[in-house]
Amino acid sequence: MQIIILPDSTAIGVWAAGHLMRRLADGRLRVLGVATGSSPLPVYDALAQRLPHSGGRNVRADAESDEDARAAASLTAFALDEYVGISPDRPESYHAVIRGEVTEKLGLDPARVHVPDGTAGDLEKACREYEQLIAEAGGVDLQILGIGATGHLGFNEPSSSFSSRTRVKTLAPQTRRDNARFFTSEEQVPLHCVTQGLGTIMEASELLLVAYGEHKAPAVARAVEGPLTSMCPASIIQWHQDAVVLLDEAAASQLEHLDYYRHVQEHDLLPDQD
Ligand code: F6R
């Protein structure tokens with residue numbers, strides 16, 4: 001695991017966008033896993049700066065190079081999760097968030113951007129089909145992740161199996177409280193969601209977890225330094241062979257081995273920075 005501490009969320013976004021652009025350029029990024037919530041927004045903003053586009057599609061002449069533009073225009077994306085029972089037209093739905101923050105902002109082809117179906121009549125079938133779509137796309141090359149106060153990844157709340165696949169889950173009360181800011185009240189936050197499983201997420205070739213702010217510090221400490229346990233689902237990133245954790249000072253503040261991570265960052269033999 002590579003732990004990188006940066007001054008603020010803007011710097012995190014810029015670092016991540018640089019990383020994603022390199023992956024696009026070297027052909028290692030064809031299928032992008034996208035998260036919703038606040039954490040990835042600076043990443044999408046910074047990436048949009050690097051991928052100028054108009055009319056919902058990347059314009060080759062505007063992008064950094066023809067090849068980058070071609071690669072970006074043909075990106076496939078998969079969202080991690082969606083609420084159950086919320087119409088994709090509603091602004092609180094993750095369909096709507098992904099449409100505005102990812103598809104339109106980055107100029108992706110809407111036909112290649114997928115979000116789990118939380119309104120399907122047969123949710124189990126929809127979950128199986130989502131897994132199949134990911135497999136048919138060749139799997140996720142790079143998965144952007146946030147972390148919840150409960151330690152969730154996607155909406156895999158504590159006690160989620162490390163080998164779980166896309167399925168229906170019940171949101172933890174803490175998560176409903178945290179996400180009430182996107183709704184008119186906490187009661188409006190759905191009880192259930194569809195989420196990629198931890199097993200699904202772990203199959204991505206690379207993970208990029210983003211966290212900033214003091215409120216994330218306890219969950220980050222448990223995920224990065226705590227025991228590998230389904231009580232902190234995000235601790236599974238310790239098991240991934242290619243995980244990068246991007247933190248600001250506040251989110252990193254409860255890490256016991258912070259000095260060591262800074263030391264490693266300072267003496268990185270293969271710096272991955274612009
Ligand atoms: C959302 C998701 C969640 C969020 C997490 C943090 O697609 O997968 O795991 O990343 O709840 O949310 P924010 O970033 O809003 O604090």
Side-chain angles (χ1 to χ4, degrees), residues 8-10 12-13 16 32-45 77-84 86 88 91-103 113-118 127 130 134 140 142-160 164-183 186 189-202 204 207-220 222-224 230 232-237 243-248 250-251:
D8 52 31
S9 60
T10 306
I12 289 175
L32 178 65
V34 287
T36 49
S38 308
S39 306
L41 297 181
V43 180
Y44 303 143
D45 287 342
F78 286 94
L80 282 172
D81 39 23
E82 175 59 289
Y83 294 109
V84 166
I86 292 223
E92 306 90 345
S93 75
Y94 283 174
H95 273 81
V97 174
I98 291 290
R99 210 162 36 240
E101 298 295 340
V102 177
T103 316
V113 180
H114 308 279
V115 181
D117 185 355
C127 290
Y130 199 68
I134 296 174
V140 171
L142 188 150
Q143 176 66 56
I144 298 171
L145 295 166
I147 181 171
T150 61
H152 69 216
L153 281 190
F155 274 146
N156 293 281
E157 299 287 18
S159 81
S160 292
S164 50
R165 312 302 305 186
T166 302
R167 68 215 184 290
V168 174
K169 289 292 286 180
T170 305
L171 291 170
Q174 171 76 52
T175 301
R176 293 184 69 229
R177 277 196 292 280
D178 290 345
N179 286 7
R181 68 191 195 280
F182 299 114
F183 292 79
E186 192 181 320
V189 184
L191 275 170
H192 299 104
C193 61
V194 174
T195 180
Q196 286 187 33
L198 293 171
T200 320
I201 293 169
M202 285 294 283
L207 304 181
L208 192 62
L209 191 148
V210 174
Y212 46 86
E214 208 180 334
H215 60 300
K216 292 294 170 86
V220 165
R222 287 193 296 137
V224 171
S230 68
C232 177
S235 64
I236 199 172
I237 59 167
V244 178
V245 180
L246 297 179
L247 305 170
D248 72 352

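Start at 1 and go down the list; that is how both ligands and their atoms are numbered.
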Going by the atom numbers of ligand 1, which of them fall below 4.0 Å from some non-hydrogen atom of Ser38?
13 (P), 14 (O), 15 (O)
Taking the six-membered ring for Trp and the full ring for Phe, Tyr or His, determine whether the centres of Phe183 and Tyr83 are under 6.0 Å apart.
yes
Phe78 backbone acceptor or donor facing Tyr130 side chain under 3.5 Å:
no
For atom 12 (O) of ligand 1, what's the nearest protein heavy-atom neighbour? Residue, atom name and distance, please.
Lys216 NZ, 4.2 Å
Ranked by distance from atom 1 (C) of ligand 1, the top protein heavy atom is Thr36 OG1, 3.1 Å
Just wondering, are more than 12 heavy atoms of other shown residues or ligands nearer than 6.0 Å to CD in Glu186?
yes
Among all protein heavy atoms in this structure, tell me which lies nearest to atom 8 (O) of ligand 1, with the distance rounded to 0.1 Å.
Asp81 OD2, 2.9 Å
Heavy-atom closest contact (Val34 atom, Gln143 atom, distance):
N-NE2, 3.6 Å
Glu157, portion touching ligand 1 at heavy-atom distance under 4.0 Å:
neither
Please state which protein non-hydrogen atom is closest to atom 3 (C) of ligand 1 and give its distance, to 0.1 Å?
Gly154 O, 3.4 Å
Kindly write out the residues that satisfy salt bridge (charged side-chain N to carboxylate O under 4.0 Å, His left out) with Glu101, not counting sequence neighbours, or none if the list is empty.
Lys105
For Thr150 and Glu157, does a side-chain donor sit closer than 3.5 Å to a side-chain acceptor?
yes
Can a non-hydrogen atom of Gln143 be found less than 4.0 Å from any atom of ligand 1?
no
If you scan protein heavy atoms around atom 14 (O) of ligand 1, the nearest is Ser39 OG, 2.5 Å
closest protein heavy atom to atom 11 (O) of ligand 1 is His152 NE2, 2.6 Å
Heavy-atom nearest neighbour in the protein, as seen from atom 6 (C) of ligand 1, with distance rounded to 0.1 Å
Ile147 O, 3.4 Å
Answer yes or no: is there a donor N or O on one side and an acceptor on the other, between the side chain of Ser93 and the main chain of Pro88, under 3.5 Å?
yes
Looking only at non-hydrogen atoms, find the nearest pair between Val194 and Gly118 and report the distance.
CG2-CA, 4.3 Å
Please state which protein non-hydrogen atom is closest to atom 10 (O) of ligand 1 and give its distance, to 0.1 Å?
Gly146 CA, 3.3 Å
With atoms numbered from 1 as shown, which atoms in ligand 1 lie under 4.0 angstrom from a non-hydrogen atom of Leu80?
8 (O)
